[in-house]
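By convention here, the first residue in the shown sequence is residue 1.
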Amino acid sequence: MTIENKQITNAQQGFATVLIVLLVGLAVAASALGTAYYINMSQKSLVSSHALTNAQSGAWTGVEILRQYLEILAKDGSISSLNEESSLSLNVQGKTCNLQDEDEDEDEDVCPLQVKIISNEEVGTDSRQFRVTANIQNISDQSESSSTIQVVYDVLLNSSDSSGGGSSNTTSFPSGMNFYGDLDANGGINFSSAGDRAVVNVAGDFNTNSGLKGIKELRVIGDVDISGGGATGLENIYSNGDVTLKASGNYSLVSAKGGVATSGSVAVNDIYADGDVDIGSSGRFNSIDTKSSITVNTNPTISRATAGKNITVKNGSISNSLANLDISYDVWNSLETAKSGGTFTCKSKNWSAYNKISAVKFSSCPIDTSGKLVTLAADTKVASPTGALLTVTMTKKPFINALDYEQKANYVFSVDEKNKIMVYVRNINGITEGQYYLGYQKGNNPKSWGYLCQDIDASGYCTSNSVNRFGREVDYGPEIITYSGGSWQLRDTQNTSSSIASGVLLFKGKSVKMGAGNYANTIISTGDIDYGGSITLKAPNYAGASIVCNSVNFPMPTNLCDSTSALSVNSIGNIALLSGSCPGASSVEECYASNYSGGNIKLTGQATIEGNIIAGNKLDTGGQSVIKGSILAAALGRDNGSKLGGSTTIDFNGTTDEDTIITLPGGEGGEEEGETITQTVKIKWARYI
């Protein structure tokens, strides 16, 4: 008989159960520890992100304060004192940061911003331009974080006018385009070989629907509206108003004192705004920062968003969000982190595509079992948005008065009581300064035009010996320069050789119309200028010494030439066209819009000009306009909005800063509105380091 020991078998079964329970317990413990570690790391990541945002905001404040400090150094001429050994502190007195040397005593309540000058060097060839590189570090003791930004500033010093006469003070415009009124660029703008001069400054509103190419920076005091082809290569947009970007285009940075709205396939790397930001495009965005609210309506991808008020996502995704008020995430897309000082509203209680959300309240969110939802105390401020990076400002309008150039002009055109053309000549080799008539001379042909003489008869023939030729000899064709009813017309039957003598020409009248010919001149009109057709115009400094100083047909202008083989340094020789006047006035205050005469420049057809264009009121282009030089429209008259129709190309190939910086004598007058629109100091680029 065999007896079975059941007690031993049961004992073995109990040991297996204990072993299984032990293994399960270890698995649960490992899972709990892993979850705790994940939660801890997520919390640290969120705290780090929030702390870094505050530190970065303070660093950007330092960027603007240093820019203003460099403005002061540029104005008093001490910018060259900065060097690699310079270290500065930005100290807060209440709400204001001031620069002081590190070795000075600091007040107790200061902002912890440190500035280290990396380099300060002259650039260009005129000893008036500096490039300053600095590291700006903001250290936040409370959040135990810091942020450092390396910034490169371009500094342009004030200069004196070498053209002689007038005030030694000057106003300079180094940018390619400068408009004091509105600018309608629906024909598009194309910058070529412009470098740092590829900047458009507009004191009013700016809009285009035909595309922008080669523009580096757009600075607008009013609103910006870009649609159609968008922009190619546009790095920065700064506006004091609203910025609307439609259709297509990729932009590096947008800074707006107002709001920002996008649509179509627009993409922006970074947006800084004071007003609401409405993303209605499907592009990619690195960061959006606003003091107001953010709304996302289409399907963009946004890495980081910071809002002083609300964030609403109806379509698309934001990886990391900070909002002082409510956040509504009405999409199924994933979310890395979010922090709301109000209510965070989820898409659904079944939505779980997030890593960490912190808020004062939650709505429609899933039941939290893993610590991913963190409740904050009421009135918690979670965001410190930077807002617009700078304010675009302008100084008094430059006073463009053609009559101010009368003493600098080589030939001043007017008419006598019988409408006979008179020319006052000065600074011309071989011709005594004084008043002459422009008339005919009898020769082998019945009629030969283009001579300067002291007396003419009723038919316009010289009754005294001519002092020199002014125009190309025209035997059978019409005169190159004619006058009728207050308007001057310049028209030649050929454009292969010089039509008239080189130099600065001032025309007194209602307008100057240029339709054909070949000219190496500065054309100044007390009224308007209409330009276009089979015509070539080169400003004297662009035409060169071989044409201006060493012509076999015409005398040399001594104020533009040092010799027959060398031009002198004279800024008036950079001007191709200048229009507008106000007789008896010496400043904008003395000349109201109703009193301003002319100032409009119109380019039509295949207009090609080498030299700077200065319109006292506005510029209007059509057809295919190619300009090798800079543009200024001062908006001194009525109806002062400029229009760029057709296609306008600004080509700086082969030019230098000396050729293209517009320099105006004086600088007094106008409406006081802060700093110049072409700021003495501007940010070239910046990066986090």
As an exercise, state the distance from NZ of Lys314 to OG1 of Thr295, rounded to the nearest 0.5 Å.
6.5 Å

Just by distance, no angles: are the side chains of Asn186 and Ser210 close enough, under 3.5 Å, to form a donor-acceptor pair?
no

To the nearest 0.5 Å, how far apart are CD1 in Ile614 and CG in Leu619?
12.0 Å

Please assess Asp276 against Ser292 for the test side-chain hydrogen bond (donor to acceptor under 3.5 Å, both in side chains), listing each intermediate value before the final yes or no.
CA-CA 5 Å; Asp276 291 340; Ser292 191; 2.3 Å; yes

Qualifying residue for side chain to side chain contact (heavy atoms under 4.5 Å, CB included) with Ile288, from Ile279, Val254, Ile318, Val268:
Ile279

Just wondering, do Asn595 and Cys582 contact through their side chains at under 4.5 Å, heavy atoms?
yes

Test side chain to side chain contact (heavy atoms under 4.5 Å, CB included) on Ile601 and Leu603 and set out the steps.
CA-CA 7 Å; Ile601 296 179; Leu603 308 182; 4.0 Å; yes

Looking at Ser281, is its backbone amide N or carbonyl O close enough to the side chain of Thr298 to form a donor-acceptor pair, meaning the two atoms are under 3.5 Å apart?
yes

Can a donor-acceptor pair be found, under 3.5 Å and without considering hydrogens, that links the side chain of Asn640 to the backbone of Gly181?
no

Run the salt-bridge test on Asp225 and Lys246 with the 4.0 Å N-O cut-off and return the result as yes or no.
yes

If only atom types and distance count, is the side chain of Asp205 paired as donor or acceptor with the main-chain N or O of Asp223 below 3.5 Å?
yes

So does Tyr153 get a backbone contact from the side chain of Thr133, meaning a donor-acceptor N/O pair under 3.5 Å?
no

Compute whether any side-chain donor of one residue and acceptor of the other, for Ser287 and Asp270, lie under 3.5 angstrom apart.
yes

Looking at Asn324 and Gly341, would you say the former's side chain and the latter's main chain have a donor-acceptor pair under 3.5 Å?
no

Is any side-chain heavy atom of Phe173 closer than 4.5 Å to a side-chain heavy atom of Pro398?
yes

For salt bridge (charged side-chain N to carboxylate O under 4.0 Å, His left out), just list the numbers for Asp528 and Lys602, CA-CA rounded to whole Å, side-chain angles, deciding distance to a tenth of an Å, and then say yes or no.
CA-CA 8 Å; Asp528 298 324; Lys602 185 175 183 179; over 6 Å; no

Over all heavy atoms of both residues, which pair between Ser227 and Ala247 is shortest? Give the atoms and the distance, please.
C-CB, 4.3 Å

Would you give the length of the straight line joining atom OG1 of Thr345 to atom OH of Tyr329, rounded to the nearest 0.5 angstrom?
13.5 Å

Check whether the side chains of Asn236 and Glu217 place a donor and an acceptor atom closer than 3.5 Å, and report yes or no.
yes

Scan side-chain atoms only and decide if Thr343 and Ser363 contain a donor-acceptor pair under the 3.5 Å cut-off.
no

Heavy atoms of Ala307 and Pro385 approach each other most closely as C-CG, 4.4 Å

For the residue pair Leu335 and Trp351, establish whether any side-chain heavy-atom pair is separated by less than 4.5 Å.
yes

Distance from Phe399 atom CZ to Cys591 atom SG, nearest 0.5 Å?
5.0 Å

Between the side chain of Asn178 and the main-chain N/O of Ile631, is any donor-acceptor distance below 3.5 Å?
yes

Interatomic distance, OH@Tyr592 vs CG@Leu636, rounded to 0.5 Å, equals 13.5 Å

One pair to check against side chain to side chain contact (heavy atoms under 4.5 Å, CB included): Asp196 and Arg131. What are the steps and the verdict?
CA-CA 12 Å; Asp196 291 341; Arg131 182 160 294 165; 2.9 Å; yes

For Ser175, the option from Leu632, Ile661, Thr660, Val199 that meets side chain to side chain contact (heavy atoms under 4.5 Å, CB included)
Val199

Heavy-atom check, side chain of Leu183 versus side chain of Val200, under 4.5 Å
yes

Quick check on Lys347: does its NZ atom have over 12 non-hydrogen neighbours (other residues, nucleotides or ligands) under 6.0 Å away?
yes

Shortest non-hydrogen separation from Asn617 to Gly598 and the atoms involved
CB-O, 3.8 Å

Any side-chain heavy-atom pair from Ile226 and Tyr251 closer than 4.5 angstrom?
yes

On a heavy-atom basis, which atom in Val260 and which in Ala256 lie closest, and how many Å separate them?
CG2-CB, 3.8 Å

Which heavy atom in Ala203 sits nearest to a heavy atom in Ile221, and how many Å separate them?
O-CB, 3.3 Å

Within-4.5 Å side-chain heavy-atom neighbours: Phe191 and Phe652
yes

Are Ile237 and Leu245 close enough that some pair of their side-chain heavy atoms sits under 4.5 Å apart?
yes

Salt-bridge present (Lys257, Asp274; N to O < 4.0 Å)
yes

Before giving the answer on side chain to side chain contact (heavy atoms under 4.5 Å, CB included), spell out for Asp278 and Asn297 the whole-Å C-alpha distance, their side-chain angles and the decisive distance to 0.1 Å.
CA-CA 8 Å; Asp278 188 350; Asn297 290 304; 2.7 Å; yes

Flag side-chain contact, heavy atom, 4.5 Å: Phe362 against Ile357
yes

Under 3.5 Å, is there a donor-acceptor pair between the Asn299 and Ser282 side chains?
no

Salt bridge between Arg197 and Asp657, side-chain N to carboxylate O under 4.0 Å?
yes

Where the side chain of Ser255 meets the backbone of Ala388, is there a donor-acceptor pair that is under 3.5 Å apart?
no

Nearest-0.5 Å distance, OG1 of residue Thr391 to CZ of residue Arg219
11.0 Å

Could you tell me whether a side-chain N or O of Asn310 sits under 3.5 Å from a main-chain N or O of Ser293, the two making a donor and an acceptor?
no

Do any N or O atoms from the side chain of Asn333 and from the backbone of Gly316 form a donor-acceptor pair under 3.5 angstrom?
yes

Which atoms form the tightest heavy-atom contact between Lys397 and Ala635, and what is the distance?
NZ-O, 2.8 Å

